[in-house]
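Here is the structure we will look at.
Residue numbers start from 1 in every chain, and the chains themselves are labelled A, B, ... in the order their sequence lines are given, proteins ahead of strands.
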Amino acid sequence: MSDVTRILESIEQGDPKAADKLLPLVYEELRRLAAHKMAHEAPGQTLQPTALVHEAWLRLVGDGDPGWQNRAHFFAAAAEAMRRILIDRARRKLALRRGGGQARVEMDETALEAPADDEKVLQVHDALEVLAAEDPQKAEIVKLRFFGGLSHEEIAALLSVNEKTVRRHWEVAKVRLFQIIKAAQ
Amino acid sequence: MESQDAIFLTARDMADPAERAAYLTQACGNDADLRQRVEAMLRDAAGADEFFGPEGTVVGAASPTEGPGTVIGRFKLLEKIGEGGCGVVYMALNKE
């Protein structure tokens, strides 16, 4: 039995400390997978949170079916871990683009990839905190979708609500986040 | 009374402006604040769709980790010479 499977079972049995152990393990695995992908793929390759999260699930938990509640704990941790990885990465890249001291040359903005997307990751991250205060369930759905790359169907199963509800929350949450981001500019 | 979310979602699917306005009048009743909030959401819906894209995930947002050998514009990164709170510093070759 893998460490993660064991932790998931402890969470299931109500061990309050078990959940704290899950996030670092999932985070490490995702970070490792992301770094490995980046090192072996052609330049211009992008990170696909959906693929990474599902690959991490297979590697850490395996093919067995540990039950939907365990899946829920795992994917919630994975979305949170993915969010941290993407935020760190976006911050690092934006810092790099702005230059880190030394004798520096102005770089052509367009030469560095997807600056808009890095800004976007950080904007959504900030706006999500505002949304979480207004409506925690919508914020959770956005995190699972935007950062975890989960489908509406998967999110519905994780949160024990129907898919239509997830879809409706998502449609409204997108507009609210867009408004929050617009207001912050 | 219907919730703000429900009114927004129903109104958004109405293509005919007159039909939409009539629905809003009926659904929001005398609540002018509610109507204003729903109308603001309707105005921002297209922008939100564009911002989030069809998938709505961050897919494609993160590009490769920089490292020695990475080419950025006319610079080729040679070796990492420092790292600090605000970034990583590389010695680079200016190819021009």
Side-chain angles (χ1 to χ4, degrees), chain A residues 34-35 37-39 41-51 82-83 85-86 89-102 104-105 107-108 110-114 116-118 120-121 123-124 142 145-150 168-172 174-179 181-182, chain B residues 2-13 37-77 80-96:
Chain A
K37 286 257 180 315
M38 288 299 124
E41 309 268 345
Q45 174 70 22
T46 53
L47 274 184
Q48 307 258 355
T50 314
M82 207 63 224
R83 184 177 67 83
I85 290 168
L86 291 166
R89 183 179 285 263
R91 286 199 177 125
R92 255 204 326 272
K93 284 180 61 203
L94 287 173
L96 182 73
R97 202 170 291 120
R98 283 167 193 150
Q102 303 285 327
R104 64 176 196 249
V105 198
M107 291 235 192
D108 180 8
T110 56
L112 288 169
E113 287 170 65
D117 280 344
D118 288 321
K120 197 177 276 190
V121 166
Q123 285 172 332
V124 172
V142 171
R145 174 87 181 171
F146 188 76
F147 292 107
L150 299 191
R168 289 168 67 87
H169 276 318
W170 168 248
E171 288 302 318
V172 174
K174 276 200 297 194
V175 177
R176 270 307 290 147
L177 286 171
F178 181 69
Q179 290 179 325
I181 290 166
K182 224 171 55 164
Chain B
E2 283 183 280
S3 74
Q4 180 178 322
D5 289 1
I7 298 171
F8 160 70
L9 290 167
T10 305
R12 196 188 54 167
D13 291 340
R37 286 196 303 272
V38 172
E39 285 184 340
M41 289 182 78
L42 290 167
R43 275 195 302 277
D44 287 324
D49 281 344
E50 196 183 326
F51 182 88
F52 282 95
E55 289 300 320
T57 73
V58 77
V59 171
S63 59
T65 317
E66 301 79 8
T70 304
V71 176
I72 302 172
R74 64 181 195 272
F75 300 95
K76 181 176 184 184
L77 303 186
K80 188 156 107 178
I81 53 176
E83 192 166 355
C86 52
V88 184
V89 181
Y90 282 93
M91 182 188 292
L93 179 72
N94 184 343
K95 295 189 290 177
E96 283 168 15

* Asked: Should A:Val172 and B:Met41 count as side-chain neighbours, where that means a heavy-atom distance under 4.5 Å?
  -> yes

* What part of A:Val142 gets closer than 4.5 Å to chain B, counting heavy atoms only: side chain, backbone, both or neither? -> neither

* To do: Please look at B:Ala6 and chain A and tell me whether the side chain, the backbone, both or neither of the residue comes under 4.5 angstrom of a heavy atom of that chain.
  => both

* **Contacting region of B:Phe8 [heavy-atom separation from chain A under 4.5 Å]** => side chain

* Structure fact -> The reported gap from CG in A:Leu177 to CZ in B:Phe52 (rounded to nearest 0.5 angstrom) is 4.5 Å

* Asked: Taking atom CD of A:Glu171 and atom CG of B:Leu9, what is their separation to the nearest 0.5 Å?
  -> 7.0 Å

* With distance as the sole test, does A:Lys120 use its side chain to make a donor-acceptor pair with the main-chain N or O of B:Phe51 at under 3.5 Å? -> yes

* Please report the closest heavy-atom contact between A:Val175 and B:Ala48, naming both atoms and the distance. => CA-CB, 3.7 Å

